[in-house]
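Computed from a prediction, not measured in an experiment: that's the story for all the values here. Chain naming here is simple, since letters A, B, ... match the order of the sequence lines and numbering starts at 1 in each.
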Amino acid sequence: MNKANLSLSLLCLSLSALLSLPAQAHDPKEHMKDGHKPNCAAMKDMDHSKMDMTDPLVQAMMRKCTQQMHAEHAAAGDIREEQGQRQKQEETEPQPQPEPEHKHKH
Amino acid sequence: MDKLKCLLATVFIALIAGLAFIYSGFYPMGADVPHNPLSYWALETLRERSIARAAAEIRVPADLNQAERLLAGGADYNDMCAGCHLQPGKQQSDFSLGLYPVPPNLTQAETDEEDATAEARIRFWIIKHGIKASGMPAWGPSHDDDRIWNMVAFLQRLPELSPEQYQILTARAESDTEQH
């Protein structure tokens, strides 16, 4: 094989490789649920004099941490509420239907 | 006439040689063997030209740099992209080490001077359509345009984030509604 042929075949090859590869798709590690809360304590260590409140980035961080604060304040109440709901649910839990076909009768 | 015959013969031989090479099994398919310079050039030029043409007409929203977009795009980036494209304070991952072509480290500012609008267009197109024969998936089938623009917005600010800022911006708070 001379040089020109070699390069040509390589070009052929790369083109055919391109055509034959769509099957390569794989599952990315997408939607990994990251349960971490924003670590807003770190905000306190940031240099506030350098923070520009008109900067959308700073606004975004502030918003996130205000939300987080609200969520934490409400947390105690939420737990009580949740427990109450669960109790109620248990009380009114419907009996399992013996025959699925009759489900819509009543 | 002789010249034409000679040319045709050369083309024919080249084709046969190319086919023979494909069938021979000598091509190194592994992602751990880099392309030779010629295939690299051909593939890179093919990619750059194709995307530049396809993205040329995309209209970039004027309001990319917005807190709302940064928050939405940040959480999505952390969930779906950081495994390959890294995050502040993280130099490598299994994906960044093993994929070929290597996923670019998007926490590093681009060195080539491209204007922000052109860059946003190209990024939007790549995220929406993906890149064939690379690890880069098309996110268009499962995410609407606005959500993709949010990620483009986040990418514009990503290189300036410290690990702490990144953590705050991208964390999905318990109060957030899960979109998936």
Side-chain angles (χ1 to χ4, degrees), chain A residues 1-46 51 53-72 74-75 78, chain B residues 10-11 13-15 17-22 27 29 35-36 38-40 42-43 46 65-71 74-75 78-84 93-95 130 132-139 142 153 157 160-165 167-176 178 180:
Chain A
M1 236 196 268
N2 65 31
K3 257 198 176 144
N5 276 356
L6 184 67
S7 352
L8 253 175
S9 60
L10 281 174
L11 191 70
C12 274
L13 183 74
S14 36
L15 288 178
S16 48
L18 272 180
L19 294 175
S20 60
L21 281 180
Q24 208 192 30
H26 67 260
D27 196 15
K29 260 210 246 166
E30 54 163 58
H31 309 323
M32 300 173 288
K33 174 87 172 117
D34 180 29
H36 295 309
K37 295 181 206 172
N39 177 17
C40 292
M43 281 269 275
K44 296 199 189 90
D45 304 332
M46 291 174 197
M51 278 190 179
M53 287 310 296
T54 60
D55 182 353
L57 197 72
V58 175
Q59 291 170 0
M61 286 194 297
M62 295 304 257
R63 197 177 304 176
K64 194 102 208 186
C65 288
T66 325
Q67 268 176 14
Q68 182 59 25
M69 244 168 51
H70 284 311
E72 270 162 21
D78 279 355
Chain B
T10 314
V11 169
I13 291 169
L15 256 171
L19 276 174
F21 182 64
I22 290 173
Y27 179 74
M29 204 62 191
H35 288 302
N36 66 60
L38 186 78
S39 327
Y40 188 90
L43 289 168
L46 192 71
N65 196 18
Q66 241 188 25
E68 206 63 56
R69 286 193 184 275
L70 295 174
L71 286 174
N78 191 47
D79 283 356
M80 311 190 292
C81 323
C84 285
S93 72
D94 286 350
F95 284 118
K132 262 198 192 71
S134 85
M136 178 59 192
W139 301 87
S142 44
R157 306 299 304 267
E160 46 185 296
L161 296 183
S162 69
E164 291 78 23
Q165 292 173 320
Q167 199 278 335
I168 293 173
L169 281 175
T170 61
R172 283 205 194 273
E174 293 147 289
S175 52
D176 290 2
E178 183 62 36
H180 293 289

Does A:Gln59 form a side-chain contact (heavy atoms from CB on, under 4.5 Å) with B:Gln66? I'd like the steps, not just the answer.
CA-CA 9 Å; A:Gln59 291 170 0; B:Gln66 241 188 25; over 6 Å; no
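Residues B:Leu70 and A:Ala60 come closest through the heavy atom pair CB-CB, 4.4 Å. Taking every heavy atom of both residues into account, B:Ile168 and A:Pro38 meet most closely at O-CB, 3.9 Å.
The residue among B:Glu164, B:Gln165, B:Met136, B:Arg69 with the most heavy atom pairs within less than 4.5 Å of chain A is B:Gln165.
You'll find the side chain of B:Leu71 stays beyond 4.5 Å of the side chain of A:Gln67, heavy atoms only.
A donor-acceptor pair under 3.5 Å links the side-chain atoms of B:Gln167 to the main chain of A:Lys37, judged by distance alone.
B:Glu160 touches chain A through its side chain: at least one heavy atom from C-beta onward sits under 4.5 Å away, while N, CA, C and O do not.
Atom CG of A:Leu57 is separated from atom CG of B:Asn65 by 8.0 Å, given to the nearest 0.5 angstrom. In this structure, the separation between CG on B:Leu161 and CE on A:Met61 is 8.0 Å, given to the nearest 0.5 Å.
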